[in-house]
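To start, the structure itself, in structure tokens.
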Amino acid sequence: MLKVHNLSVNYRGTEALNSVSLAIHAGELVGLIGPNGAGKSTLLKALLGLVAMHAGQVLFEERPLVHQRQRVAYVPQRSQIDWDYPVTAWNVVMMARTVRTGWLRSPNPRSRQAVEAAMQRLGVWDLRDRQIGELSGGQQQRVFLARAIAQDADLFFFDEPFNAIDKTTEAVILDLLAELKAHDKTVLVCSHEWGQALNRYDRLLLLNQRLVADGDPQQVMTLDNIQRAYGENLQPSERPAEMPFFC
Ligand code: ADP
Ligand code: MG
């Protein structure tokens, strides 16, 4: 189980997360939702120790998660990746393995096999020699997901994986999420989606600096909770046609 206790993060004095507590069980597929700037990406980064916590505790199976970083596969949000970095799709996926073996050693056969299997699984093996920056948004997302599964992790953090992708990639991601769940992995997916799509999660965490609601999708997406999380920030363009879907 992943347990987060009273996590707070400040950026140069500005509060990004205020005393967030939550728990996620193995085999649970959890959606972390909230408006832009709510702190979703910050929460993932704080769990990983990539941004400093002002206060709080993050435990995975009763031990600090930062000491078990190799058990977490993390796919950052598109905007946080440097797509001009000169690296092939294969190299991106192999990074999952060099974390363990080190950059200086050439990859062992087991790692090569894991990389190929992951790339085949995500349908990007044929793209292995292409530069990451040349691929479409959906293909890039699938390469990063292949990196995540090549890592043999127990915890998966995906930041906005459904952004800027095609229908094929969406189907591949949904299939992958179901498979991870079936293998009892712990999966946390950030999203600013609305409506029917939220039913794909077992549980939703609705965030806006604080945790506004935590429960199954129907419980969480009430008009009251949505207003508490989105407040005046809810732009007409962000409002889906079917809103409030769950009310
Ligand atoms: P979300 O992913 O929900 O859109 P973020 O976690 O990216 O939200 O951002 C939360 C808040 O923290 C926003 O107000 C954002 O401007 C701010 N923020 C994010 N990253 C930084 C940073 N590196 N330095 C300063 N402020 C930041
Ligand atoms: Mg974000």
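Because only heavy atoms are used, hydrogens play no part in the values below, and waters and symmetry mates are left out as well, while side chains stay in. Ligands are counted one by one from 1 in listed order, and the atoms in each one are counted from 1 as well.
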Students should be able to answer this: which protein heavy-atom is nearest to [atom], and at what distance?
atom: atom 15 (C) of ligand 1; answer: G37 CA, 5.0 Å
atom: atom 5 (P) of ligand 1; answer: T42 OG1, 3.6 Å
atom: atom 24 (N) of ligand 1; answer: Y11 CD2, 3.6 Å
atom: atom 7 (O) of ligand 1; answer: S41 CB, 3.9 Å

Next item on the list: Would you check if the Mg ion (ligand 2) lies under 2.8 Å from any N, O or S atom of T42?
Entry: no
Next item on the list: Please state whether the separation between the Mg ion (ligand 2) and some N/O/S atom of S41 is under 2.8 Å?
Entry: yes
Next item on the list: For P35, counting its heavy atoms only, list the atoms of ligand 1 lying under 4.0 Å from any of them.
Entry: 3 (O)
Notebook entry, point to check: Which atoms of ligand 1 sit under 4.0 Å from any heavy atom of A38?
Noted result: 1 (P), 3 (O), 8 (O)
Next item on the list: State whether any protein heavy atom lies less than 4.0 Å from atom 10 (C) of ligand 1.
Entry: yes
Check: With a 3.5 Å cut-off and no angle check, do the side chains of Q141 and T169 form a donor-acceptor pair?
Finding: no
Notebook entry, point to check: Without hydrogens or angle criteria, can the side chains of Y201 and S191 be said to hold a donor-acceptor pair below 3.5 Å?
Noted result: no
Next item on the list: Could you tell me whether a side-chain N or O of N225 sits under 3.5 Å from a main-chain N or O of V220, the two making a donor and an acceptor?
Entry: yes
Margin query: Measuring from non-hydrogen atoms of G39 to any atom of ligand 1, is the shortest distance under 4.0 Å?
Written below: yes
Note to self: For K40, is there an ion pair with D159 - N to carboxylate O distance below 4.0 angstrom?
What the structure shows: no
Check: With only distance considered, is Q80 within less than 3.5 Å of ligand 1 through an N or O on each side?
Finding: no
Item checked: Cluster overlap L204 with V187, hydrophobic side-chain contacts below 4.5 Å -> yes
Notebook entry, point to check: When rounded to the nearest 0.5 angstrom, what is the spacing between CG in N36 and OH in Y230?
Noted result: 8.5 Å
Checklist line | Inter-residue atom distance F162.CZ - R200.CZ, 0.5 Å rounding | finding: 4.0 Å
Check: Can you tell which of V212, L211, D216 makes a side chain to side chain contact (heavy atoms under 4.5 Å, CB included) with D214?
Finding: L211
Checklist line | Option with minimal heavy-atom separation from atom 3 (O) of ligand 1, where the choices are Q209, E160, K40, K45 | finding: K40
